[in-house]
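Below is one structure, written out as structure tokens; comments come after it.
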Amino acid sequence: SQLVILDHALGAASGQRFDYQPRIAIADAGGTTDTTRTDTVTAAITSGAGTLIGTVAVAAVAGIADFLLANLGITGTGANVITYSATGLTSAVENSITPVTPAFDVVVSADAGYNVELPRVTVDSSYPTLTGTQYTETQSTLQSRLNTLAAVVGRTLNDEILIANGATVQGQFTLPARDATSTGWITIRSVTLPCTPGTRVTPASAASASIAKLVSDLNDQAPITAAMSAHHYRLVGLEITHGAATQMSDMLRLGTGDNASYTSLAIIPHHLVADRCYVHGSDAKYLKRGVGLHAGTSAIVDSYVSECHDQSARLYSDPQALGAWASPGPLKIDNNWLEGSGESIAFGGVDTTVHGLKARDVYVTRNVFTRPASWKGRSGFGNKNAIETKSSQRVFWEGNIIENTWDDQQDGSFAAFKSVSQSGTAPWSGTEDLIFRKNFIRNVGSGFSFAARPDVITAAGIGTVT
């Protein structure tokens, strides 16, 4: 029999537990897990100068030693190799691990006496310089051009796809998968943009520039969806909305977020940017979510997301301007208008199948989280919170305006910070290392709502929030 690594230890910072805890199977020679085994599996550093922290020995249950509750981590610098062993079994060797040095909020550390870790990385959302080819496409040619560009292996030049201002492009377009070595950006944009980088688009500026409009006529079929393994796509200066469709689950799907597809970190979409885009529903139609953000190393910047509500009056449908439950991070959400009746932004809320997956290393800055006061009391426009996190880590909130919540489906708290495994299948769910400062709050029904574990379902709990 042998030990087999099902999930590797990932996300190492000195003195901190791993973001993704290892899972080790006891398997036969063919690699099949022996569900009768309860051996104790021990982790030890066999190369390198680091020191393991947390619980290093875990008893297997049904043939699997899960270190999730062991809070395994490492201190030190340089490359380290971890070996997993058990008596009488062939050991398993982890990939080389080099911990980064974590950074902590110095104000909190000084005032409160405890450490809150800042995001470890940031997302570069700067506009890529055109180094490749510029194409002009229409409704009938857009998908074909995307497929052709995505199929090029090892493409490192930045290409652009232009759509004429004033054009309405109807369909359900896919940002296709690309090979891992293709690091050149594919940008899809209007010929003339509504504003300069760093300036938030508005409905007025979008109309003035007559930016290209991408619409879907089919219910619950988004105008744009990023496929698994899609990466290095940028949407700029586009209006994305309903056509003849009367209901939409997501208007912009940056990853599907469904558990049937999200089976490993390696295939999750990444490096996706929506820049100066106007994403919206309409007053008389149902839009569950403006943006489904289920990708890594991605950004929503200078955009306007509005009219996210349930006109059908279904109770507790929870519409959101932006929702992210299947993103590993890092994320950048900067200088946007985000308008949803349930929440304007929400992290978590759906259990994921990828062991340890939650949004990490997130900057949420300079946004307006809002809903029109005229929605109060309207059937189908039920209000919960402005911002909510059920599972996220190392999230930095600063410089945002948060407004217009009232007692409705919940008590009108502008912020709900809690730890929830929605269906009881993701016990790593939790809110940790959250910094909330220099935000402007107005016209809200209640203040913060904190809950370590508001449900009876097991979750990681809430920790280090300031």
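These values consider heavy atoms only, across backbone and side chains, with no hydrogens, waters or symmetry-generated copies. FYI, the numbering just counts along the sequence from 1.
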When rounded to the nearest 0.5 Å, the distance separating NE2 of His231 from OG of Ser182 is 6.0 Å
Could you state the interatomic distance from OG (Ser374) to CG (Asn404), rounded to the nearest 0.5 Å?
->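 These two atoms lie 9.5 Å from each other.
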Please walk me through it: do Phe369 and Val364 pass side-chain contact (heavy atoms from CB on, under 4.5 Å)? CA-CA 11 Å; Phe369 299 108; Val364 185; 3.6 Å; yes
[Y] and [X], any side-chain heavy atoms less than 4.5 Å apart:
{"X": "Leu146", "Y": "Gln143", "answer": "yes"}
{"X": "Pro223", "Y": "Leu252", "answer": "no"}
{"X": "Leu149", "Y": "Ile161", "answer": "yes"}
{"X": "Arg155", "Y": "Leu157", "answer": "yes"}
{"X": "Gln170", "Y": "Gln139", "answer": "yes"}
{"X": "Thr389", "Y": "Leu434", "answer": "yes"}
{"X": "Thr263", "Y": "Val354", "answer": "no"}
{"X": "Lys358", "Y": "Ser429", "answer": "no"}

Checking [X] side chain against [Y] main chain: does a donor-acceptor pair fall under 3.5 Å?
{"X": "Asp217", "Y": "Ala244", "answer": "yes"}
{"X": "Thr202", "Y": "Ser205", "answer": "yes"}
{"X": "Thr353", "Y": "Tyr262", "answer": "yes"}
{"X": "Asp334", "Y": "Lys332", "answer": "no"}
{"X": "Arg200", "Y": "Asn335", "answer": "yes"}
{"X": "Thr405", "Y": "Asn443", "answer": "no"}
{"X": "Thr141", "Y": "Thr138", "answer": "yes"}
{"X": "Asn400", "Y": "Val368", "answer": "no"}
{"X": "Ser303", "Y": "Arg276", "answer": "yes"}
{"X": "Asp179", "Y": "Thr181", "answer": "yes"}

Compute whether any side-chain donor of one residue and acceptor of the other, for [X] and [Y], lie under 3.5 angstrom apart.
{"X": "Tyr127", "Y": "Arg189", "value": "yes"}
{"X": "Gln21", "Y": "Asp66", "value": "no"}
{"X": "Thr199", "Y": "Thr196", "value": "yes"}
{"X": "Thr225", "Y": "Thr174", "value": "no"}
{"X": "Asp258", "Y": "His294", "value": "no"}
{"X": "Asp351", "Y": "Thr425", "value": "yes"}
{"X": "Gln221", "Y": "Gln172", "value": "no"}

| message | Could you walk me through whether Glu432 and Val395 satisfy the side-chain contact (heavy atoms from CB on, under 4.5 Å) test, starting with their C-alpha distance in whole Å, then the side-chain angles of each, then the deciding distance to 0.1 Å, before giving a yes or no? | response | CA-CA 8 Å; Glu432 307 170 77; Val395 184; over 6 Å; no
Given the options Asp124, Asp275, Asp159, Arg234 meets salt bridge (Lys or Arg N to Asp or Glu O under 4.0 Å) only with Asp275
Step-by-step side-chain contact (heavy atoms from CB on, under 4.5 Å) determination, Tyr278 to Ile240: CA-CA 6 Å; Tyr278 177 31; Ile240 304 169; over 6 Å; no
Got a salt bridge between [X] and [Y], using NZ or NE/NH1/NH2 to carboxylate O under 4.0 Å?
{"X": "Asp250", "Y": "Arg289", "value": "yes"}
{"X": "Asp7", "Y": "Arg23", "value": "yes"}
{"X": "Arg371", "Y": "Glu339", "value": "no"}
{"X": "Asp310", "Y": "Lys288", "value": "no"}
{"X": "Arg378", "Y": "Asp283", "value": "yes"}
{"X": "Glu307", "Y": "Lys285", "value": "no"}

Item to complete: Specify whether His270 and His232 have parallel, tilted or perpendicular ring planes, treating 30° as the upper limit for parallel and 60° as the lower limit for perpendicular.
Response: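 Answer is perpendicular, since the angle exceeds 60°.
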**Asked** Aromatic rings Phe436 and Phe414: how do their planes relate, parallel, tilted or perpendicular, breaks at 30° and 60°?
**Response** tilted
Do you know the tightest heavy-atom contact between [X] and [Y]?
{"X": "Gly257", "Y": "Ala326", "result": "CA-CB, 3.9 Å"}
{"X": "Leu193", "Y": "Ser190", "result": "CD2-O, 3.7 Å"}
{"X": "Asn165", "Y": "Val191", "result": "OD1-N, 3.2 Å"}
{"X": "Ala209", "Y": "Pro194", "result": "CB-CA, 3.8 Å"}
{"X": "Thr131", "Y": "Asn158", "result": "OG1-N, 2.7 Å"}

May I ask you to establish whether Arg394 and Tyr363 are in a cation-pi arrangement, using a distance under 6.0 Å from NZ or CZ to the six-membered ring centre and at most 45° from the ring axis?
no
Worksheet entry | Axial cation check for Tyr233 ring with Arg178, 6.0 Å and 45° limits |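 Geometry flag: set, cation within 6.0 Å and 45°.
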Practice prompt. Quickly, which of Trp428, Tyr20, Phe67 forms a ring-ring contact (aromatic ring centres under 6.0 Å, His included) with His355? Name it, please.
Written response: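 Checked Trp428, Tyr20, Phe67 against His355; only one passes ring-ring contact (aromatic ring centres under 6.0 Å, His included): Trp428.
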Is the number of heavy atoms from other residues, nucleotides or ligands under 6.0 Å of Lys213 NZ greater than 12?
->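 No, NZ of Lys213 has 12 or fewer neighbouring heavy atoms, counting only those of other groups under 6.0 Å.
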- [ ] Just do the side-chain contact (heavy atoms from CB on, under 4.5 Å) check on Trp397 and Thr365 with the steps written out, would you?
- [x] CA-CA 6 Å; Trp397 304 75; Thr365 53; over 6 Å; no
